[in-house]
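All remarks here apply to the structure that follows.
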Amino acid sequence: PEEDLAAYFTAVVDADQKIEPRDWMPEAYRRTLIRQIAQHAHSEIIGMQPEGNWISRAPSLKRKAILLAKVQDEAGHGLYLYAAAETLGISRDELVELLLSGRQKYSSIFNYPTLTWADVGAIGWLVDGAAIVNQVPLCRCSYGPYARAMIRVCKEESFHQRQGYEILHTLAHGTSAQRAMAQDALDRWWYPSLAMFGPPDGDSTHSAQSMAWKIKRFSNDDLRQRFVDMCVGQAEVLGLTIPDPDLRWNEQRQAYDFTQPDYAELMRVISGDGPCNRERMAHRRRAHEAGAWVREAAAAYAAKQASKEKV
Ligand code: ACO
């Protein structure tokens, strides 16, 4: 009976065990996971664009090889995540269609432009740094396939974070023009990175339910605070200044006080009106159309193999 299945689901979640694809789950749990995992997958795929923009202009062959590997990792993350979402009973074609028609979202952060090489460093340090803070707890999420995908994704993200930090460290210890370029990148990426964690807890539609289901393990604001606390010492080592005059240690809270990002801007970017939203979506649509022959060829090959097996 349905009540027994629901009781079993609750017991598994309460005991910190994993829900697996064939287990019974509330419809809303399934929908929330599809929404979050798909949004995460789309972010990885759209996220290839701002950095892909610099592959042909990387300052050395070594930097180019590292950046290529990193952008390919993002594609890999997108594919694991689409596969994790598919275990919930939706197909990759449907998910791609939901992205292309604008019915599913991707992270706000990828709607900002990469103006200089230092931006590639800032993305690695701050954007991938924020992704790690957000995703390490997801390794303990209650849905097995998502939690397991996150383990490898987080290991690769930590390589990405270090490569970005190293780019900024090199620039920050270079000529005065390079130092200025690094500081400018930090100035532009700081607040959009803070906004990646989502709206403040009071305005977060899904947090309470997602935390009860142990999909989310910490609230948006808790993770944002953790990120700020982590970055302060790292910025000092770089010799760069976080663009927040109110950033200061709060002895009582044992955490940094900081200025919140502009949440009205976050809402504008989420709703499609950020600096690069149109460009990102147009590029993705073009790439999808240009790749149609690959999908058709793969489907024809699979059909041929399947008919051979039958004989
Ligand atoms: N960008 C775009 N949309 C966002 C963002 C953001 N930075 N933050 C919140 N939203 C959206 C939510 O999707 C939700 O919209 P919806 O109801 O239409 O789906 C709405 O704003 C309200 O937010 P919350 O209720 O707080 O949403 P949620 O509980 O899903 O929390 C969060 C948002 C923290 C981003 C969560 O979905 C999450 O942890 N996702 C997995 C990580 C991820 O997607 N990372 C992508 C970027 S990292 C990378 O790719 C390198």
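All ligand and atom numbering here is 1-based and tracks the order in the structure. Positions are given from 1, in the same order as the sequence printed here.
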S210-ligand 1 polar pair, N/O distance under 3.5 Å |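 Not met; the criterion fails.
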
For [atom], closest protein heavy-atom neighbour:
| atom | result |
| --- | --- |
| atom 22 (C) of ligand 1 | T205 OG1, 3.4 Å |
| atom 35 (C) of ligand 1 | M196 O, 4.1 Å |
| atom 11 (C) of ligand 1 | I270 CD1, 4.0 Å |
| atom 30 (O) of ligand 1 | R35 NH1, 3.0 Å |
| atom 9 (C) of ligand 1 | P199 CD, 3.6 Å |
| atom 26 (O) of ligand 1 | S204 OG, 2.6 Å |
| atom 17 (O) of ligand 1 | H206 NE2, 2.5 Å |
| atom 33 (C) of ligand 1 | K216 NZ, 4.1 Å |

Side chain, backbone, both or neither: the part of [X] lying under 4.0 Å from ligand 1 by heavy atom:
| X | result |
| --- | --- |
| K105 | side chain |
| Y263 | neither |
| D203 | neither |
| N134 | side chain |
| H77 | neither |
| A130 | neither |
| S107 | both |

Any atom of ligand 1 sitting under 4.0 Å from a heavy atom of [X]?
| X | value |
| --- | --- |
| Y146 | yes |
| A195 | yes |
| E74 | no |

Check residues 286-293 and write down every donor-acceptor pair under 3.5 Å in which the side-chain atom is one partner and the other belongs to a residue at least two apart or another chain.
from, atom 1, to, atom 2, distance (Å)
H288, ND1, R295, NH1, 3.4
H288, NE2, R295, NH2, 3.4
W293, NE1, A290, O, 3.4

Polar side chain donor-acceptor pair, R253 to Q225, under 3.5 angstrom |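 There is such a pair (donor and acceptor under 3.5 Å, judged by atom type) between the side chains of R253 and Q225.
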
Could you walk me through whether E20 and R148 pass salt bridge (charged side-chain N to carboxylate O under 4.0 Å, His left out), step by step?
-> CA-CA 11 Å; E20 296 297 340; R148 289 188 289 272; 2.8 Å; yes

What pair of heavy atoms forms the shortest contact from N220 to S207, and how long is it?
->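 Shortest heavy-atom contact: OD1-OG, 3.8 Å.
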
In this structure, are over 12 heavy atoms from other groups packed under 6.0 Å from Y8 atom OH?
->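 12 or below, so no.
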
More than 12 foreign heavy atoms under 6.0 Å from CZ of R162: is that the case here?
->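 No.
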
Could you tell me which residues satisfy side-chain hydrogen bond (donor to acceptor under 3.5 Å, both in side chains) with D119, sequence neighbours excluded, listed by chain and number?
->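 Once residues adjacent in sequence are excluded, the partners of D119 under the side-chain hydrogen bond (donor to acceptor under 3.5 Å, both in side chains) criterion are T116, R188, W189.
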
Tell me whether the guanidinium CZ or amine NZ of R152 lies under 6.0 angstrom from the six-membered ring centre of Y80 and within 45° of its axis.
->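 No, R152 and Y80 do not form such a contact.
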
Nearest neighbour of atom 1 (N) of ligand 1 from the list S108, G274, C141, on a heavy-atom basis =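 That would be S108.
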
Should one rank P137, G198, S219, P261 by closest heavy-atom distance to atom 8 (N) of ligand 1, which comes out on top?
->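 Nearest heavy atom to atom 8 (N) of ligand 1 lies in G198.
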
Start with the C-alpha gap between H42 and Y82, add the side-chain angles, then the distance that decides, and say whether ring pair (Phe, Tyr, Trp, His ring centres under 6.0 Å) holds.
-> CA-CA 8 Å; H42 301 325; Y82 282 129; 5.5 Å; yes

Give the C-alpha distance, both sets of side-chain angles, the deciding distance and a yes or no for salt bridge (charged side-chain N to carboxylate O under 4.0 Å, His left out) between R217 and D16.
-> CA-CA 11 Å; R217 310 296 306 227; D16 272 336; 3.2 Å; yes

Stepwise, does the side chain to side chain contact (heavy atoms under 4.5 Å, CB included) test hold for K214 with R140?
-> CA-CA 8 Å; K214 297 189 183 170; R140 292 192 297 115; over 6 Å; no

In terms of ring plane angle, is the pair W190 and F227 parallel, tilted or perpendicular, where the classes change at 30° and 60°?
->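 The arrangement is parallel - the two ring planes meet at less than 30°.
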
